[in-house]
Amino acid sequence: MSFGERSGRPNRRRLAVSVTVYRVAIEVPLMALFDYLPPCHAANARPGLRLLVPFGRGQRVGILVEIADHTDQDPARLKAVEAILDPRPLLEPIDLGLIKWAAGYYQQPLGEALFAAIPTRLRNPAALLDDRVRGVVATPEGQAFERARLTRAPRQRAVLDLLRPQLQGVSLTWLIEQLGDCNATLRALRAKGLIADCRLEPERVPQTPPLLPASDAPQLNAEQTLAVSAIAASRGDFRAFLLDGVTGSGKTEVYIQLIQALIADGQQTLVVVPEIGLTPQLRERFRQRLPGPIAVVHSALNASERERNWHLAARGEATLVLGTRSAIFTPLPRLGLIVVDEEHDPSLKQQEGFRYSARDLAVRRAQLAGCPVVLGSATPSLESLHNALNGRYTELRLTQRAGRAQPPRIALLDIRDQPLQAGLSRVLRAQMQAEIAAGNQILLFLNRRGYAPVFTCHGCGWVGDCPRCDVHLTLHLIRRRLWCHHCDWSRPLPNHCPECKGEDLRMLGRGTERLEDDLRVLFPDVTIARIDRDSTRRKGELARLFGAAQRGEIQILLGTQMLAKGHDFPGVTLVGILDLDQSLYASDFRAPERTAQLIVQVAGRAGRAERPGCVVLQTRHPEHPLLQCLLTDGYRGFATAALAEREAAELPPFAYLALLRADAPDAAEPLAFLRQARLLGEGLAEPRVQLFGPVPAPMERRAGRYRAQLLVQCAERRLLQRILRSWSATLRALPRSKTLRWSLDIDPQDML
Ligand code: ADP
Ligand code: ZN
Ligand code: ZN
């Protein structure tokens with residue numbers, strides 16, 4: 001490959017020559033921007049515009065990032081931009097600034113980061129920046145045409161009659177509303193040169209009123225009032241708030257009342273949530289109380305819906321943008337507030353490709369935009385809690401459940417030596433019977449989907465393992481397959497052992513599918529629903545199940561962590577947590593934090609309305625310090641202790657980490673690459689930066705590739721950033737085989 005246009009190459013400084021150049025980002029896996037000469041007609045070109053540029057032997061769409069007055073290249077060899085594609089920039093300087101900052105911080109090629117942030121259609125040079133509407137207009141020939149010549153074509157005449165007075169043209173939608181389907185007619189008129197396609201400025205989408213009258217708003221309690229006024233007081237300035245409110249304390253109500261005030265002042269709010277599953281429910285609640293249009297942005301929408309919402313936000317018309325992590329890059333010209341709900345949730349961090357944290361970027365974005373940002377959670381991440389304790393964030397606490405709801409009681413249930421049925425102890429079963437008899441709802445949490453996690457031959461000991469990963473295959477009985485939850489490989493369920501041909505095949509352990517089957521036997525006349533990734537694959541199914549659960553139509557809800565997140569089940573009075581023991585002893589340093597959060601979040605689903613809730617946690621390790629601490633001192637007590645441990649171990653948030661990962665089909669290759677990387681890293685001679693490894697990843701083989709990692713640790717973020725920049729540049733320049741892949745994960749969330 002040769003890229004004559006490459007600029008910003010490290011370790012090389014040519015004499016800068018004075019000339020106007022466009023620095024352009026192109027979607028290629030290179031860190032550099034590319035220098036071009038301006039096109040012939042370049043009046044008022046501004047950063048953020050899409051350009052068509054010559055690249056290699058072809059053309060590419062690029063985004064203008066900077067207009068500079070010098071270049072490190074030989075200006076005689078620079079090529080010129082071929083065309084400016086749009087009448088106005090796609091991204092304003094502030095949006096561009098955020099993406100530039102993110103690409104720099106997470107060591108991601110700017111071109112890839114930028115193109116990930118715009119609607120996919122706009123990667124195509126032929127695509128117009130169209131939020132503009134498709135329309136047709138009469139050509140001069142059409143204007144001058146004698147009507148009489150169309151007497152034998154009444155529909156063509158009708159179209160022409162409609163178009164002639166409209167010198168700007170009319171939208172296709174409007175035309176079709178007037179005349180019905182008229183595509184054939186339009187084709188005929190186009191062929192005669194009497195009409196032409198055109199683009200019209202979009203009509204403004206009118207504001208829609210809230211569905212509920214303002215009088216339906218609850219009266220805020222004292223803590224909520226304090227939170228709303230503290231955040232509102234910092235409007236117009238950057239300030240980060242940690243809204244630490246127990247589940248059901250009315251955090252969402254705080255957001256709603258803040259957003260109402262912003263909308264009244266013509267400002268926009270960005271609300272980021274971790275899960276797609278949370279958006280329909282939250283959107284519904286916002287729609288009831290807030291004026292629209294509300295733009296929803298997440299990956300499950302199809303491209304055109306997403307683009308429509310993107311433009312709605314970018315034109316400043318959406319009052320509110322609600323989305324998952326990628327929504328953090330949505331342009332919002334009148335941004336006044338950012339909210340990150342469930343800020344502790346690890347899915348706010350993208351785990352592949354561009355590995356950014358939407359929560360951390362939210363804080364950065366608020367800083368750039370000069371507006372407040374609110375991080376809300378019942379179980380704040382240790383990072384955010386640390387920032388609150390050291391004063392960088394302002395902490396606001398909601399300690400009471402809103403309305404009349406009571407906090408749930410959590411009880412540990414020692415199941416050692418207990419007879420279990422369906423994985424349920426006798427005590428829990430009896431409690432379930434009582435709640436069912438009283439007409440209450442029950443939630444059972446089991447964080448393992450499928451029928452059974454292990455499928456084995458009793459004759460010879462064969463175990464169904466994934467041929468591509470270091471894990472057992474999970475038995476899915478409904479689909480009659482053995483499935484790998486890590487690479488999605490699967491095989492039909494064998495009816496005899498592949499090794500010894502024996503027929504005594506058995507399953508070990510229990511997943512949600514099996515729990516559901518067992519519960520149907522134990523509680524024959526009770527409505528039961530399972531909520532996990534398998535049972536909610538069909539579009540709309542999750543919403544249907546949640547709806548039924550909320551209306552009280554389901555008596556026993558069982559499921560995985562999908563149940564733990566943000567959903568409100570007012571009728572649930574008993575929560576059973578069935579099997580968390582494994583995660584008590586997981587090796588990842590974040591495992592205790594995640595486990596504590598999960599327990600508290602699941603527990604929070606109980607008794608959200610007037611009826612008090614009870615949480616039963618079955619365990620074989622009732623004396624475990626994490627459980628003890630959580631029970632006696634609550635999440636706050638746990639978090640304080642965990643922070644002290646992190647400090648002693650020099651782990652985040654008291655140090656900053658980066659993880660260099662490598663993988664290849666061959667086990668030796670990633671380790672060899674990382675050893676070389678380590679040597680290069682040591683060559684940067686910075687004793688304050690420590691390197692650990694390389695070591696094989698905890699799950700070494702995944703999807704047929706061997707994985708290894710090298711951990712980088714440093715107490716100073718800036719220093720780490722500086723070292724990583726030069727280190728990754730040398731790594732990129734290393735010769736390596738085609739089969740090896742590597743990536744750098746800044747602030748890694750999971751060490752798998
Ligand atoms: P969170 O977001 O903290 O889980 P929500 O905002 O969903 O809490 O509030 C929980 C429930 O309490 C909701 O049904 C909500 O309508 C209600 N609620 C919130 N604030 C109040 C209040 N001040 N008075 C009465 N009910 C409230
Ligand atoms: Zn066998
Ligand atoms: Zn696998």
Side-chain angles (χ1 to χ4, degrees), residues 212 216-228 243-259 271 273 278 281-282 284-286 288-289 339-343 374-380 396-408 455-474 481-491 494-506 550 564-571 600-601 603-610 613 699-707 752:
L212 288 180
D216 273 33
Q219 189 75 33
L220 296 185
N221 64 33
E223 289 179 325
Q224 286 174 311
T225 308
L226 197 70
V228 168
L243 182 62
D244 176 358
V246 298
T247 42
S249 60
K251 295 184 290 297
T252 312
E253 196 54 46
V254 168
Y255 309 150
I256 289 175
Q257 304 221 0
L258 279 166
I259 298 169
V271 177
V273 295
L278 293 178
Q281 206 196 20
L282 203 53
E284 204 34 52
R285 207 164 146 195
F286 285 148
Q288 311 240 313
R289 304 277 304 284
V339 172
V340 181
D341 197 26
E342 310 290 346
E343 66 85 31
V374 181
L375 310 179
S377 176
T379 53
L396 301 166
R397 294 186 74 174
L398 307 180
T399 55
Q400 307 293 318
R401 287 194 154 193
R404 275 177 294 161
Q406 296 296 307
F455 190 67
T456 179
C457 167
H458 192 60
C460 73
W462 169 87
V463 176
D465 285 330
C466 178
R468 311 168 69 211
C469 307
D470 292 332
V471 293
H472 299 317
L473 295 168
T474 300
R481 295 186 87 80
L482 298 177
W483 225 291
C484 174
H485 286 183
H486 291 274
C487 73
D488 218 27
W489 187 89
S490 72
R491 57 169 292 173
N495 40 27
H496 53 77
C497 170
E499 288 290 320
C500 72
K501 311 291 173 220
E503 291 189 355
D504 190 358
L505 296 172
R506 298 187 183 184
Q550 262 160 350
K565 300 197 173 177
H567 289 280
D568 204 351
F569 302 113
V600 175
Q601 292 285 346
R605 302 308 120 204
R608 308 239 311 167
E610 282 86 44
M699 186 198 298
E700 184 175 11
R701 202 164 50 102
R702 183 166 176 174
R705 300 177 69 89
Y706 288 85
R707 307 148 73 234
L752 286 179

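Bear in mind that the values here come from a model prediction, so they are computed numbers and not experimental data. The basis for the numbers below is simple: all heavy atoms, side chains too, and nothing from hydrogens, waters or symmetry mates. When a ligand or atom number is given, it counts from 1 through the structure's own listing order. Index from 1, following the sequence.
Polar contact check, Gly250 against ligand 1: a nitrogen or oxygen pair lies under 3.5 Å apart. The shortest N or O to N or O distance between Thr247 and ligand 1 is not under 3.5 Å.
For the pair Arg468 and His486, the minimum side-chain heavy-atom distance is 4.5 Å or more. Under the 4.5 Å side-chain criterion, counting only non-hydrogen atoms from C-beta, Val254 is not in contact with Val374. Side-chain contact between Cys457 and Glu499: absent, with no pair of heavy atoms (C-beta onward) separated by less than 4.5 Å. Put simply, the side chain of Thr399 does not reach to within 4.5 Å of the side chain of Ser249, judged on heavy atoms.
Residue contacts with ligand 1, taken as heavy atom pairs separated by less than 4.0 Å, involve Gln224 solely via side-chain atoms from C-beta onward. With a 4.0 Å cut-off on non-hydrogen atoms, Thr252 touches ligand 1 through its backbone as well as its side chain. Counting heavy atoms under 4.0 Å from ligand 1, residue Pro218 touches it through the side chain alone.
Short contacts between ligand 1 and Asn221, defined as distances under 4.0 Å to a heavy atom of the residue, involve ligand atoms 23 (N). Heavy-atom proximity to Ser249, at under 4.0 Å, picks out these atoms of ligand 1: 3 (O), 8 (O). The contact set between ligand 1 and Gln219, taken as ligand atoms under 4.0 Å from a residue heavy atom, comprises 22 (C), 23 (N), 24 (N).
Rounding to 10 degrees gives 110° for the angle at the Zn ion (ligand 2) between SG of Cys497 and SG of Cys500.
Considering all non-hydrogen atoms of both residues, Thr456 and Trp462 come closest at OG1-O, 2.7 Å. When all heavy atoms are compared, the tightest approach of Thr247 to Arg401 is O-NE, 3.1 Å. Residues Cys497 and Cys460 approach most closely at SG-SG, 3.7 Å, considering heavy atoms. Contact record, Pro570 with Gln550: CD-CG, 4.2 Å, taken as the closest heavy-atom pair. The minimum heavy-atom distance linking Tyr255 with Asp341 is given by the pair OH-OD1, 2.8 Å.
Shown are Leu396, Val339, Leu398; of these, the side chain to side chain contact (heavy atoms under 4.5 Å, CB included) with Lys251 is made only by Leu398.
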List the steps and the verdict of side chain to side chain contact (heavy atoms under 4.5 Å, CB included) for Ile256 and Arg285.
-> CA-CA 9 Å; Ile256 289 175; Arg285 207 164 146 195; 4.3 Å; yes
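Gly248 counts as a contact of ligand 1, since one of its heavy atoms falls under 4.0 Å from the ligand. Ligand 1 lies within reach of Arg285, whose nearest heavy atom is under 4.0 Å from it.
With values rounded to the nearest 0.5 angstrom, Cys466 atom SG is found 11.5 Å from His472 atom NE2.
Residue side and main chain included, His458 places no N/O/S atom under 2.8 Å of the Zn ion (ligand 2).
Near-neighbour remark for the Zn ion (ligand 3): protein N, O or S atoms under 2.8 Å are Cys466 SG, Cys469 SG, Cys484 SG, Cys487 SG; waters not counted.
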